[in-house]
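To start, the structure itself, in structure tokens.
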Amino acid sequence: MNDMRGERLQVMLGPQELAAVDDFRFKHRMPTRAAAVRELLKLGLTVAAPEASNSMKSSNYGIFSRGPDGHRRGDPETDVGN
């Protein structure tokens, strides 16, 4: 284990994303969600990254497709206060 882990990274996940992380974790018998996320990051960084675009929003980078409008009004997962 790396003793140099001094940075904390907080990531918000939807229910489907969290289930995907947990499925990966249990399938690969990993001890923690953090270990699974580190392994998924390592795997993801070994593949070609998408071409950068100024029109990309952070919602375009979710694990599951949100549709062409990203977060939509009326989506119970993201519609807050309306």
Side-chain angles (χ1 to χ4, degrees):
M1 179 146 340
N2 186 351
D3 292 329
M4 300 300 293
R5 291 191 185 123
E7 289 291 325
R8 182 177 298 261
L9 176 64
Q10 183 174 347
V11 179
M12 301 298 288
L13 301 176
Q16 288 181 309
E17 293 168 325
L18 188 58
V21 170
D22 284 340
D23 289 347
F24 178 87
R25 173 188 172 195
F26 294 121
K27 179 178 179 182
H28 296 281
R29 297 179 174 262
M30 304 191 101
T32 63
R33 281 181 174 162
V37 169
R38 282 192 296 273
E39 184 65 17
L40 288 165
L41 281 170
K42 185 170 72 173
L43 291 169
L45 290 170
T46 63
V47 299
E51 230 177 90
S53 170
N54 291 336
S55 64
M56 294 296 284
K57 299 176 185 175
S58 63
S59 61
N60 294 115
Y61 291 98
I63 296 172
F64 299 100
S65 175
R66 304 278 312 180
D69 297 329
H71 297 289
R72 298 178 306 273
R73 182 173 173 81
D75 184 343
E77 185 180 323
T78 59
D79 192 15
V80 179
N82 288 343

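Computed over heavy atoms, backbone and side chain alike; hydrogens, waters and symmetry mates excluded. Nothing fancy with the numbering, it's 1 onward along the sequence.
- Residues passing the side chain to side chain donor-acceptor pair (under 3.5 Å) test with Asp23: none are found, sequence neighbours excluded.
- Cluster membership for Leu9 and Val21, using ILVMFWY side-chain heavy atoms within less than 4.5 angstrom, is shared.
- For the side-chain contact (heavy atoms from CB on, under 4.5 Å) test, residues two or more places apart in sequence or in another chain that qualify with Leu41 are Val37.
- When the side chains of ILVMFWY residues are joined at heavy-atom separations under 4.5 Å, either directly or via intervening members, Leu43 and Met30 end up in a single hydrophobic cluster.
- Under the rule for a side chain to side chain donor-acceptor pair (under 3.5 Å), the partners of Lys42 that lie at least two apart in sequence or sit in another chain are Glu39.
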